[in-house]
Amino acid sequence: MNNTFLILKQEYLKRVKKKSFIILTILLPFLVAGVYGLVIYFSIKDDTEERKIAVYDESTLFLGQFDDTGATKYYFIPEDKYTELKTNLKGSGYYGLLYIPRDIYSNNQAQLISEKQLPIELAEQMERKLSRFIENDKRQKIIDESGIPDLDEKLAQTRTSVRLSTLKLSESGETTESSSIVAFIASYAMGLIIYFFVFMYGAMVMRSVMEEKKNRIIEVIISSVKPSQLMAGKVIGTALVGLTQVAIWVTLGGIGLVVVSSLFAPESAQQMGQSLMEAQGGMNPAAAQAVDSNQFTEVMGMISNLNLPLILFSFVFYFLAGYLLYSALLGAVGAAVDNDEDSQQMVFPVTFPLILSIMLLFPIAKNPEGQLAFWTSIIPFTSPVAMMARIPYGLPAWELLLSMFMLVLTTVGAIYAAAKIYRVGLLMYGKKVNLKELVKWLRYKN
């Protein structure tokens with residue numbers, strides 16, 4: 001046990017003291033936030049590329065009805081020009097050629113010709129223009145034929161936007177406000193984080209074993225340490241590195257939430273709004289309000305209504321159990337091979353269930369009560385990711401306990417099998433390892 005602790009300490013300090021670990025731990029949250037910020041910015045940023053669209057309206061109903069949108073300009077052309085551009089659009093200066101047929105009201109179809117694959121936003125923009133015009137025109141005809149005064153205004157008053165408020169009923173009969181969107185984001189994020197950490201730190205164990213084996217350092221180490229102690233020290237030491245990193249991120253996240261909550265408090269928001277209004281020379285308070293504190297408070301309330309203690313406990317459990325399962329298997333792979341090419345061939349079958357679980361994460365989070373979600377959260381090799389995607393939605397206690405029991409049982413068996421492979425493979429050089437050879441190693445008694 002003393003040797004295991006020494007190896008654990010060495011593995012832990014070796015990784016934690018690295019400058020790369022410190023820099024990555026501190027900067028990664030800001031880097032992720034920055035990347036998502038850039039994605040959001042470029043998603044909402046207006047398209048500034050100028051495009052000229054030639055429009056031939058065979059129905060003559062849309063003439064002059066297409067207003068320019070941003071950098072997209074529309075030019076109506078006669079039939080002879082359309083016939084020319086249809087076969088010779090290149091070099092004309094037009095990005096695309098829009099053809100509106102005579103029977104568009106009956107078939108609801110138009111045609112757009114372009115040399116390039118159109119951006120989805122541009123295609124949707126044209127569809128909205130055509131659809132909105134036809135809808136308004138049909139509605140106007142109904143208004144004219146009805147003879148009812150102010151029918152347009154009366155129809156406009158019937159337009160209603162319904163907001164669905166979702167409440168969650170507890171076993172005691174109390175209701176709390178919930179949000180499907182918040183639960184979906186939480187479930188997807190939890191599953192993604194578990195996948196990231198299990199895969200990353202499991203691979204660390206494998207690379208560490210392969211490096212020591214390749215450099216023949218392992219021969220010196222096991223002269224005074226049992227292989228099982230060496231494996232336990234590496235696995236547990238790397239696990240503590242992961243938990244240290246998670247703890248730092250949780251602490252930073254908590255501090256960030258406190259700071260943001262104080263900024264978005266009603267009194268702070270009011271002060272910010274007043275300051276901005278004074279700076280703008282007494283402009284409209286509605287326009288001067290910098291943030292919508294009510295929406296932020298509502299979102300924070302929905303997050304707090306999640307079962308955060310259960311989510312945190314489950315995260316730690318599935319992180320540790322999933323990590324122990326895959327790090328033991330990957331450590332065995334590192335001990336069984338002595339070159340990168342062989343390791344790549346053996347890593348894929350071992351990690352395929354984990355990769356499959358991340359591929360199924362979206363449908364699991366979308367339907368957490370379905371058969372796919374149930375079985376992937378029970379099968380131990382996929383449960384670390386799949387179960388974390390289900391927990392924010394709430395699930396029967398027996399399913400969670402069964403999943404945990406199956407994962408612990410499989411992890412213990414995997415560690416036992418991996419330890420036997422690890423013990424034999426550490427000093428095995430120059431021999432191609434296959435499934436038959438691994439089974440033979442598992443049968444060795446000493």
Side-chain angles (χ1 to χ4, degrees), residues 39-166 180-181 184 188 359 362-363 365-367 370 372:
V39 170
I40 294 173
Y41 170 74
F42 285 112
S43 297
I44 64 176
K45 189 176 183 295
D46 293 334
D47 186 1
T48 57
E49 182 178 351
E50 185 173 344
R51 300 185 181 96
K52 296 169 63 178
I53 306 296
V55 183
Y56 171 55
D57 182 14
E58 190 179 35
S59 66
T60 69
L61 299 171
F62 298 84
L63 294 175
Q65 300 297 326
F66 272 48
D67 297 329
D68 296 340
T69 304
T72 305
K73 313 293 183 183
Y74 294 92
Y75 301 89
F76 285 85
I77 59 175
E79 183 177 2
D80 56 343
K81 184 68 173 178
Y82 164 72
T83 304
E84 177 187 345
L85 291 176
K86 189 176 181 180
T87 56
N88 191 23
L89 185 62
K90 187 175 182 179
S92 64
Y94 289 106
Y95 185 84
L97 176 61
L98 177 62
Y99 166 62
I100 304 175
R102 191 182 307 275
D103 57 348
I104 188 172
Y105 272 40
S106 58
N107 64 14
N108 296 328
Q109 287 186 353
Q111 185 182 78
L112 183 63
I113 303 173
S114 178
E115 293 181 322
K116 303 178 181 178
Q117 178 63 46
L118 286 175
I120 185 172
E121 184 179 357
L122 180 60
E124 290 179 349
Q125 178 190 121
M126 297 183 191
E127 289 177 349
R128 285 195 302 269
K129 285 181 177 291
L130 292 169
S131 301
R132 191 179 298 121
F133 179 85
I134 293 175
E135 289 174 1
N136 293 337
D137 188 58
K138 289 182 178 179
R139 185 176 63 187
Q140 188 61 44
K141 288 181 179 179
I142 295 174
I143 293 172
D144 295 339
E145 293 174 358
S146 66
I148 301 176
D150 300 328
L151 180 60
D152 191 17
E153 296 181 4
K154 294 177 180 178
L155 289 174
Q157 293 175 1
T158 63
R159 296 173 185 168
T160 305
S161 178
V162 177
R163 179 182 178 275
L164 185 63
S165 178
T166 57
S180 299
I181 296 177
F184 179 84
Y188 199 90
M359 294 172 63
F362 184 82
K366 187 177 179 181
N367 183 19
L372 175 66

Ignoring hydrogens, what is the shortest heavy-atom contact between [X] and [Y]? Give both atom names and the distance.
{"X": "P101", "Y": "S59", "result": "O-CB, 3.6 Å"}
{"X": "L85", "Y": "A54", "result": "CD1-CB, 4.0 Å"}
{"X": "Q109", "Y": "I104", "result": "O-CG1, 3.7 Å"}
{"X": "R102", "Y": "E58", "result": "N-OE1, 3.1 Å"}
{"X": "I53", "Y": "L98", "result": "CG2-CB, 4.2 Å"}
{"X": "D57", "Y": "L61", "result": "OD2-N, 3.0 Å"}

Close side-chain approach of [X] and [Y], heavy atoms under 4.5 Å:
{"X": "K81", "Y": "Y56", "value": "no"}
{"X": "I77", "Y": "L97", "value": "yes"}
{"X": "F62", "Y": "K129", "value": "no"}

What's the spacing between [X] [atom1] and [Y] [atom2] if we round to 0.5 Å?
{"X": "N136", "Y": "R132", "atom1": "CG", "atom2": "CZ", "value": "8.0 Å"}
{"X": "K86", "Y": "E79", "atom1": "NZ", "atom2": "CD", "value": "10.5 Å"}
{"X": "T83", "Y": "N88", "atom1": "OG1", "atom2": "CG", "value": "12.5 Å"}

Please check if atom NZ in K52 has more than 12 non-hydrogen atoms from other residues, nucleotides or ligands closer than 6.0 Å.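 Counting other residues, nucleotides and ligands, NZ of K52 exceeds 12 neighbours.
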Parallel, tilted or perpendicular: which one describes the rings of Y94 and Y75, with boundaries at 30° and 60°? perpendicular
